Number of protein chains: 2
Amino acid sequence: MQQSAQFSTRQRILGAAEELFAERGFAGASLRQVTAAAKVNLAAVNYHFGSKDNLIEEVFRRRLDELSRRRLERLARLEASGTASLETVLDAFITPALELSLDRRGGSVFMRVLARAFAEHNNNLRKFLSDNYGHVLKEFAAAFARLLPHLDKDELYWRLDIAVGALTYAMADFGMIQRRSGDSERAHRELMARHLIHFTAAGLKA
Amino acid sequence: MQQSAQFSTRQRILGAAEELFAERGFAGASLRQVTAAAKVNLAAVNYHFGSKDNLIEEVFRRRLDELSRRRLERLARLEASGTASLETVLDAFITPALELSLDRRGGSVFMRVLARAFAEHNNNLRKFLSDNYGHVLKEFAAAFARLLPHLDKDELYWRLDIAVGALTYAMADFGMIQRRSGDSERAHRELMARHLIHFTAAGLKA
DNA sequence: CTAGTATTCAAACGATTGTTTGAAACGCGA
DNA sequence: TCGCGTTTCAAACAATCGTTTGAATACTAG
C-alpha cells in the first residue's frame with residue numbers, strides 16, 4: 001500500500017461518495033458518478049471496498065468513529081469534574097458535531113448523509129449504526145437520566161427521542177433558515193448550536 | 001374514465017408508490033416494483049401520470065391538499081374563538097397529521113415519505129412543496145409571532161425551524177422508541193403527539 | 001349494435017446500474 | 001536491475017432502469 005502525494009484513492013472515493021450521497025441519496029448516486037467525481041477508475045470502488053454497500057458503511061465509519069470518541073470524551077470530562085448539567089451535556093453532544101461540520105474538508109456534508117440514514121428504513125444500515133454507535137446514545141441517555149431523576153423512564157425516553165430528532169434535523173441543515181449574508185458559515189452554525197441547546201434543554205426539563 | 005369496482009388504477013399506483021417510496025426512497029423504488037405491487041401494467045404509470053417525477057408530485061398532492069386544508073381550518077377556528085395559545089396552535093398543526101397517520105388506508109407511511117422530501121435536497125421537489133404548501137407554514141409562523149411578541153424575528157424563526165425538525169422527525173417515526181406491546185398503534189401515536197406538543201411548546205417559549 | 005374513445009397489455013427501446021475480468025502500470029525490497 | 005505484490009485501467013458482463021410503441025381490449029355515447 002502506498003500513499004499518493006495527494007490524497008489516496010480510498011480517501012478520494014470516500015470524499016466524493018459522501019458528497020454525492022448527501023446530494024442524491026445512496027440509491028440516487030451511482031458508482032460511475034462517484035468515481036468520476038473522485039477522478040479514479042470505476043473498478044477502484046470494488047477493489048478497495050468490495051461493494052457499494054461496504055462503501056456506504058465506510059463513509060459512516062470514517063466520521064463516526066472520531067465523532068463518537070469526542071462526544072464520550074467530553075461527557076466523561078463533565079462527569080469527572082462534576083459540572084454536568086442539561087446544558088453542558090447537550091453541549092458535549094452537539095459541539096463535536098458542530099466542529100465536524102465546520103471542518104474544512106467536507107465535514108458539513110456528512111451531517112446530511114447521517115440524516116439520510118434516518119430517512120432510510122434500511123434494516124442493514126440501521127443495524128450497522130446501532131451495533132457500532134448505539135453505545136454512545138446509551139451513555140448520554142444515562143447521563144440525562146441522572147440529571148432528570150423526577151422523570152420516569154418512559155417519559156425520559158420520549159423526550160430524548162424528540163430531542164434527537166431536533167438535533168438531527170438541525171445539524172443536517174434541513175431547515176428553511178438561510179444564512180444571513182453578513183454572517184460567516186461558522187457564525188451561522190455556532191448560532192444554530194446555541195439555539196439548539198437552549199431549545200432542547202427547555203423541552204427536556206419542561 | 002371509468003371506476004373499477006375495486007380501486008382505480010390511478011389510486012392503486014399512488015398507494016403502492018407511497019409505500020415503496022417510504023421504504024426505499026424515490027430513486028430506490030423502481031416503476032416496475034411499484035406497478036407490480038399495485039398489480040397494474042408497467043406502462044400505466046406513464047399513461048396516467050406522464051413520468052415518474054409527476055407520479056412523485058401526485059403522491060404528495062393527494063395527501064397534502066387535505067392535510068393543509070385541515071391545518072388552516074383548525075388554526076382559523078382558534079383565531080376566531082380567541083383561544084389561540086402555544087399549545088392549541090401546535091395542536092392545530094399536529095393533530096391533522098396525527099389523524100392522517102391513523103387513517104386506515106396507509107396514511108402513516110406518507111409521513112415517512114414527507115420526511116424523505118426533507119432529506120432530498122432536490123431543488124425541483126423543494127420548489128414544488130414550497131410553491132404549493134409554503135403558505136401553510138407562513139400562516140402558522142404568523143400565529144406564533146403574535147403569541148410570542150417578545151421574540152425578535154430572527155429568534156422566532158430559529159425556534160420554529162427547530163420545532164419543525166422535531167415534528168417532522170417524530171411524525172415520521174424515525175425514532176428508536178418502539179410501541180409498547182400493550183398499547184395500540186393509535187394510543188402510541190396519540191401519546192407521541194401529546195409529548196411532542198409539550199416539548200415543543202416549552203422550547204418555543206424558553 | 002356500432003363508432004369511437006379510454007384503458008390495458010406485452011414487448012421492446014436505448015441508457016444506465018453494480019460488478020467482474022485480465023492485462024497493463026506501478027512501487028519497492030532484494 | 002530484477003521479481004513480485006499492489007494498484008489502475010479499459011472493456012465487458014448480465015440485470016435493471018424510465019419510457020415508448022402499437023396492437024388488443026374495455027367501455028360509453030349515439
Side-chain angles (χ1 to χ4, degrees), chain A residues 1-60 62 113 116-117 120 122-125 128, chain B residues 1-60 62 113 116-117 120 122-125 128:
Chain A
M1 174 180 342
Q2 91 281 358
Q3 189 84 2
S4 154
Q6 290 279 352
F7 284 92
S8 72
T9 298
R10 269 186 70 95
Q11 289 187 358
R12 301 245 297 286
I13 291 173
L14 286 170
E18 185 174 71
E19 208 145 335
L20 285 166
F21 288 158
E23 189 184 328
R24 310 177 191 184
F26 304 112
S30 75
L31 293 186
R32 281 172 178 80
Q33 292 166 349
V34 168
T35 52
K39 295 195 209 304
V40 303
N41 187 273
L42 168 62
V45 169
N46 283 278
Y47 175 78
H48 286 281
F49 300 97
S51 69
K52 185 180 183 178
D53 282 339
N54 283 352
L55 169 61
I56 294 174
E57 290 193 0
E58 211 57 38
V59 166
F60 285 102
R62 179 172 70 141
V113 178
R116 284 215 184 246
E120 301 281 333
N122 183 310
N123 280 336
N124 291 335
L125 186 53
F128 164 78
Chain B
M1 175 181 340
Q2 92 280 1
Q3 189 85 1
S4 155
Q6 290 277 355
F7 285 91
S8 71
T9 298
R10 269 186 68 96
Q11 289 187 358
R12 300 245 297 288
I13 292 173
L14 285 170
E18 185 176 71
E19 208 145 334
L20 286 166
F21 288 159
E23 188 185 325
R24 310 176 192 186
F26 303 112
S30 75
L31 293 186
R32 281 171 178 82
Q33 292 166 348
V34 168
T35 51
K39 296 195 209 302
V40 303
N41 187 273
L42 168 62
V45 168
N46 283 278
Y47 176 77
H48 286 282
F49 300 96
S51 70
K52 185 179 184 179
D53 282 339
N54 282 351
L55 169 62
I56 293 173
E57 290 193 0
E58 211 58 38
V59 165
F60 284 101
R62 179 171 70 141
V113 177
R116 281 211 184 251
E120 300 280 335
N122 183 310
N123 281 335
N124 292 334
L125 185 53
F128 165 78

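What you are looking at is a predicted structure, and each value in this text was computed from that prediction instead of being measured. Every chain is numbered from 1, with letters handed out A, B, ... down the list of sequences.
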Problem - N/O donor-acceptor pair under 3.5 Å between Q33(A) side chain and S30(A) backbone - result: yes
What donor-acceptor contacts under 3.5 angstrom involve side-chain atoms of residues 37-49 of chain B, with partners at least two apart or in another chain?
residue: N41(B); atom: OD1; partner: A43(B); partner atom: N; Å: 2.9

Practice task
Any pair with a residue in residues 13-34 of chain A that passes salt bridge (Lys or Arg N to Asp or Glu O under 4.0 Å), sequence neighbours left out, goes on the list, sorted by first then second residue, please.
Solution key: E18(A)-R62(A), E18(A)-R63(A)
Practice task
Output all residues satisfying side-chain contact (heavy atoms from CB on, under 4.5 Å) with E57(A), sequence neighbours left out; order by chain, then residue number.
Solution key: R61(A), F128(A)
Problem - Near-strand residues of residues 36-44 of chain B, defined as heavy-atom separation under 4.0 angstrom from DNA chain C - result: N41(B), A43(B)
Exercise for the section: Determine the minimum heavy-atom distance between N122(B) and L125(B), stating which atoms define it. Expected result: OD1-N, 3.0 Å
Exercise for the section: Would you indicate which nucleotide in dT8(C), dT19(C), dT8(D) comes nearest to any side-chain atom of H48(A)? Expected result: dT8(D)
Handout entry: Between P of dG22(C) and OH of Y47(A), the distance in whole Å
Key = 16 Å
Handout entry: Spacing of T9(A) atom OG1 and L14(A) atom CG [to the nearest 0.5 Å]
Key = 11.0 Å
Handout entry: Phosphate OP1/OP2 of dT7(D) contacted by T9(A) side-chain N/O (<4.0 Å)
Key = no
Exercise for the section: Grab the CG-P distance between N46(A) and dT8(D) for me, whole Å please. Expected result: 13 Å
Practice task
Sequence neighbours left out, what passes side-chain contact (heavy atoms from CB on, under 4.5 Å) with A17(B)? Give chain and number order.
Solution key: F21(B), V34(B), L55(B), V59(B)
Handout entry: Side chain proximity check, F26(B) to V113(B), heavy atoms < 4.5 angstrom
Key = yes
Under 3.5 Å between N/O atoms: give me all the protein pairs with nucleotides 13-17 of chain D, atom names plus distance.
residue: dC17(D); atom: OP1; partner: S30(B); partner atom: OG; Å: 2.9

